[in-house]
Colleague: 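Have a look at this one.
Values below: every heavy atom of this structure, side chains too, minus hydrogens, waters and symmetry copies. Chain naming here is simple, since letters A, B, ... match the order of the sequence lines and numbering starts at 1 in each.
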2 protein chains.
Amino acid sequence: MRLYPDLGLKVFQAPSIGVALEALKEGFRKGELTIIIGRLSVDYHGRARSKLGFGERVVILKPDGALLVHRPHGHSPVNWQPPGSIFDFKRLGEKIVINAGRSNPLEKVTLTFDRIDLLVSSRLRDDAEFSLYVDEHDIRDALVSEPELFEEGFHVVTKEKRVPSGFVDLIGVDREGRFTVIEIKKGLAGRDSVIQLKRYIDGLKGEGGAAVRGVILASGLARGCQGLLDSLGLEFKRVDPRRCYEALMKRRGGGLQLELSRWFISS
Amino acid sequence: MRLYPDLGLKVFQAPSIGVALEALKEGFRKGELTIIIGRLSVDYHGRARSKLGFGERVVILKPDGALLVHRPHGHSPVNWQPPGSIFDFKRLGEKIVINAGRSNPLEKVTLTFDRIDLLVSSRLRDDAEFSLYVDEHDIRDALVSEPELFEEGFHVVTKEKRVPSGFVDLIGVDREGRFTVIEIKKGLAGRDSVIQLKRYIDGLKGEGGAAVRGVILASGLARGCQGLLDSLGLEFKRVDPRRCYEALMKRRGGGLQLELSRWFISS
DNA sequence: GCCTAGGTCCCGTGG
DNA sequence: CCACGGGGCCTAGGC
């Protein structure tokens with residue numbers, strides 16, 4: 001058995017029962033995540049019942065009460081407990097027993113170790129934000145390939161058109177033949193977006209002369225902007241990122257294929 | 001507790017980039033499972049797209065090509081790759097990059113480590129059989145062998161019959177000679193189950209023409225579904241998993257759990 | 001390979 | 001607290 005004290009990462013190789021138990025309890029008390037590699041059997045009682053004989057597996061105990069038992073194959077854990085369950089560690093003869101249970105639904109997972117090869121405990125700091133995303137470009141491209149995502153009967157004329165005051169995201173013609181300028185925002189559109197759109201439209205009016213329809217396309221409109229929008233004769237439309245993504249993937253299939261196949265070849 | 005010498009368990013604490021890369025490659029080549037604790041960012045491209053900034057996490061690489069990235073909370077991995085994906089390990093400046101990709105569907109996960117606190121690699125032997133006792137199939141089989149569990153005078157005609165919209169769990173004829181379609185749910189049957197049953201019945205009506213009786217067989221009916229059931233002219237019947245279990249025992253002899261359970265191979 | 005259904009699904013969101 | 005919908009769902013079983 002060796003102990004590495006640095007960085008709060010504790011590593012125990014083939015710990016004795018006493019050491020392992022102490023490490024488990026202390027790790028959980030301190031809000032650490034614990035990983036065990038060892039030989040164990042698993043029993044589950046609750047929404048169903050299951051039994052798994054002894055074998056070498058990886059067990060993860062998370063500070064939020066999540067439990068995972070992973071076999072050496074497959075994506076999914078063979079047994080688990082969702083967050084919120086309560087752990088209990090004890091000695092049973094020459095074995096270590098871990099119980100993880102919760103009351104709603106009533107269920108319990110029991111791990112019985114007859115060998116622990118490695119026990120690691122560490123506090124993990126992870127504040128990063130996870131985003132499953134579609135960006136502004138993606139939305140624009142999705143509309144180009146599937147204009148009906150914007151509106152029935154809509155046709156795209158230009159994307160990224162240069163105007164004196166910048167770039168218009170999308171220009172098209174609607175079902176009634178009206179020239180339509182679309183300003184896309186991924187998140188909430190604010191006062192600035194509205195003003196920007198207004199500038200674009202004014203610039204285009206200078207070119208043509210006919211009436212131009214202006215639409216803000218975003219996941220939402222910031223509070224207090226509806227009045228401004230109305231007074232300028234502009235519209236707001238909500239966009240569904242998910243549907244955009246699907247459209248995008250349909251169209252980009254080939255491109256992604258290329259990108260990934262390049263990686264496959266290089267690997 | 002019996003202590004075994006560490007059988008091929010390799011533990012590297014805060015390894016250098018070179019050591020970590022070598023360990024990763026050798027571990028995968030030897031069919032070992034590898035666990036990494038460290039600070040990394042994750043990017044995913046494929047069926048969707050996701051981004052996760054740097055944070056301390058647990059990564060598991062399995063010999064069958066499964067990849068898991070676990071944050072310190074939650075049951076589910078934040079990013080992953082199912083079995084069958086191809087790993088690629090490389091150095092990028094002062095960082096280690098792991099790619100895991102597959103071609104169907106085309107997708108790729110990229111892990112970028114700027115710190116590895118611990119790397120563990122080990123061949124895990126796990127040949128145990130996993131058994132789950134009473135599931136939907138078991139209930140269906142119990143009814144096939146003891147139809148009176150459903151109703152006096154009931155006869156099973158077909159199980160798992162294909163209809164245009166899917167598979168009907170059980171079809172039979174009741175005591176009054178009525179064609180009866182049974183939809184089985186292990187737990188509480190919800191709105192979706194009712195709708196599913198309705199779809200099946202409509203499909204069958206198209207075939208025959210005679211009236212068809214539809215029954216939901218479950219351990220309970222979700223609140224608010226009785227009205228829907230009534231309006232569609234369907235019925236609900238409670239099933240007792242315990243009696244099903246006993247029926248299976250009786251029919252399958254003393255074979256016990258071996259025959260009762262569904263087996264998941266562990267090659 | 002696609003399709004279909006099930007899951008100890010988990011996980012959000014809304015009532 | 002429960003009900004509902006969605007998921008990069010995963011996984012198993014048929015065809």
Colleague: Output the single nucleotide from D:dC9, C:dC10, C:dT8 whose closest atom is nearest the side chain of B:Trp80.
Modeller: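 Between D:dC9, C:dC10, C:dT8, the one nearest the side chain of B:Trp80 would be D:dC9.
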
Colleague: How would you label the contact of B:Pro82 with the nucleic acid (heavy atoms, under 4.0 Å): base, sugar-phosphate, or nothing?
Modeller: base

Colleague: Find which nucleotide of DNA chain C each of B:Asn104 and B:Tyr200 is nearest to by heavy atoms, and output the residue with the more 5' nucleotide.
Modeller: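 Residue closer to the 5' terminus by nearest nucleotide: B:Asn104.
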
Colleague: Look at B:Arg191 and D:dC4 and indicate whether a side-chain polar atom (N or O) is within less than 4.0 Å of OP1 or OP2.
Modeller: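 Yes.
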
Colleague: D:dA12 C1' sits how many Å from B:Glu136 CD, rounded?
Modeller: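 Atom-to-atom, B:Glu136 to D:dA12, this comes out as 13 Å.
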
Colleague: Less than 4.0 angstrom between a side-chain N/O of B:Lys185 and OP1 or OP2 of C:dG6, yes or no?
Modeller: yes

Colleague: How many Å lie between CG on A:Asp43 and P on C:dT8, as a whole number?
Modeller: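 Rounded to the whole Å, the gap is 15 Å.
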
Colleague: Write down the distance between CZ (A:Phe130) and P (C:dC11), rounded to a whole number of angstrom.
Modeller: 13 Å

Colleague: What closest approach, in Å, do A:Lys95 and A:Asp114 show between heavy atoms, and which atom pair accounts for it?
Modeller: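 Here A:Lys95 and A:Asp114 meet closest at CE-CB, 3.8 Å.
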
Colleague: Can you check whether B:Arg140 has a side-chain N or O nearer than 4.0 Å to OP1 or OP2 of C:dA5?
Modeller: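 Looking at the OP1 and OP2 atoms of C:dA5, neither is under 4.0 Å from any side-chain N or O of B:Arg140.
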
Colleague: Can you tell me whether the side chain of B:Glu107 and the base of D:dG8 have a donor-acceptor pair closer than 3.5 Å?
Modeller: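 Yes.
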
Colleague: Should we say atom CD of B:Glu148 is surrounded by more than 12 heavy atoms from elsewhere, each under 6.0 Å from it?
Modeller: yes

Colleague: How is A:Gly46 classified with respect to the nucleic acid when contacts are heavy atoms under 4.0 Å: base, sugar-phosphate, or nothing?
Modeller: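 Nothing, no nucleic acid heavy atom in range.
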
Colleague: Counting side-chain heavy atoms from C-beta on, which of C:dT8, C:dT4, C:dC11 comes nearest to B:Phe167?
Modeller: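 Nearest to the side-chain atoms of B:Phe167, counting from C-beta on, is C:dT4.
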
Colleague: Contact between A:Val42 and A:Val109 at the side-chain level, heavy atoms closer than 4.5 Å - yes or no?
Modeller: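 Side-chain contact under 4.5 Å: yes.
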
Colleague: With rounding to the closest Å, how many angstrom separate the P atoms on C:dT8 and D:dG6?
Modeller: 22 Å

Colleague: Separation of B:Lys159 atom NZ from C:dG6 atom P, in whole Å?
Modeller: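 Rounded to the whole Å, the gap is 15 Å.
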
Colleague: Quick check for you: to the nearest 0.5 Å, what is the distance between B:Arg57 atom CZ and B:Leu111 atom CG?
Modeller: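 So the gap between those two atoms works out to 9.5 Å.
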
Colleague: Do A:Ile35 and B:Val120 come close enough that some side-chain heavy atom pair is under 4.5 Å?
Modeller: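 SC-SC contact between A:Ile35 and B:Val120 ruled out.
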
Colleague: Do the side-chain N or O atoms of B:Arg223 get closer than 4.0 angstrom to the phosphate oxygens (OP1, OP2) of D:dC2?
Modeller: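 So the side chain of B:Arg223 is outside the cut-off, no N or O lying under 4.0 Å from OP1 or OP2 of D:dC2.
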
Colleague: What is the separation between atom CD1 on B:Ile184 and atom C1' on C:dT4, rounded to the nearest whole Å?
Modeller: 16 Å

Colleague: If you check the B:Val109 side chain, which of D:dG8, C:dT8, D:dT11 turns out closest?
Modeller: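 The answer is D:dG8, which lies nearest to the side chain.
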
Colleague: Which nucleotide in the list C:dG6, C:dT8, C:dC11 gets nearest to the side chain of A:Pro83?
Modeller: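 Between C:dG6, C:dT8, C:dC11, the one nearest the side chain of A:Pro83 would be C:dC11.
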
Colleague: Does a nitrogen or oxygen in the side chain of A:Arg47 sit under 4.0 Å from OP1 or OP2 of C:dC9?
Modeller: yes

Colleague: Whole-Å distance between C:dG7 C1' and B:Ile139 CD1?
Modeller: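 Atom CD1 in B:Ile139 sits about 13 Å away from atom C1' in C:dG7.
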
Colleague: When you measure from the side-chain N and O atoms of A:Ser76 to the phosphate of D:dT11, is any distance below 4.0 Å, counting only OP1 and OP2?
Modeller: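 Looking at the OP1 and OP2 atoms of D:dT11, one of them is under 4.0 Å from a side-chain N or O of A:Ser76.
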
Colleague: Now, which nucleotide makes the Watson-Crick or G-U wobble pair with D:dG8, with each of the two distances under 3.5 Å?
Modeller: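 Paired with D:dG8, as far as the under-3.5 Å criterion goes, is no nucleotide at all.
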
Colleague: B:Arg102 has an atom CZ; how far is it from atom P of C:dG1, in whole Å?
Modeller: 10 Å

Colleague: Considering heavy-atom distances to DNA chain D, does B:Val78 or B:Asp192 have its closest nucleotide positioned more toward the 5' end?
Modeller: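 Closer to the 5' end of DNA chain D: B:Asp192.
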
Colleague: Would you say the side chain of B:Asn79 and the base of D:dG8 hold a donor-acceptor pair, judged only by whether the two atoms sit under 3.5 Å apart?
Modeller: yes

Colleague: Consider the side chain of B:Tyr44, meaning its heavy atoms from C-beta on, and name the nucleotide among D:dG8, C:dT8, C:dG6 that approaches it most closely.
Modeller: D:dG8

Colleague: Do we see a donor-acceptor contact under 3.5 Å between the side chains of B:Asp43 and B:Ser50?
Modeller: no

Colleague: If you check the A:Ala48 side chain, which of C:dT8, C:dG6, D:dC2 turns out closest?
Modeller: C:dT8

Colleague: To the nearest Å, give me how far apart CD (B:Glu160) and C1' (C:dT4) are.
Modeller: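 So the two atoms are 10 Å apart, to the nearest Å.
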
Colleague: Does the base of D:dG8 carry an N or O that pairs as donor and acceptor with the side chain of B:Gln81 under 3.5 Å?
Modeller: yes

Colleague: May I ask you to test the A:Lys62-B:His70 pair for a side-chain heavy-atom distance under 4.5 Å?
Modeller: yes

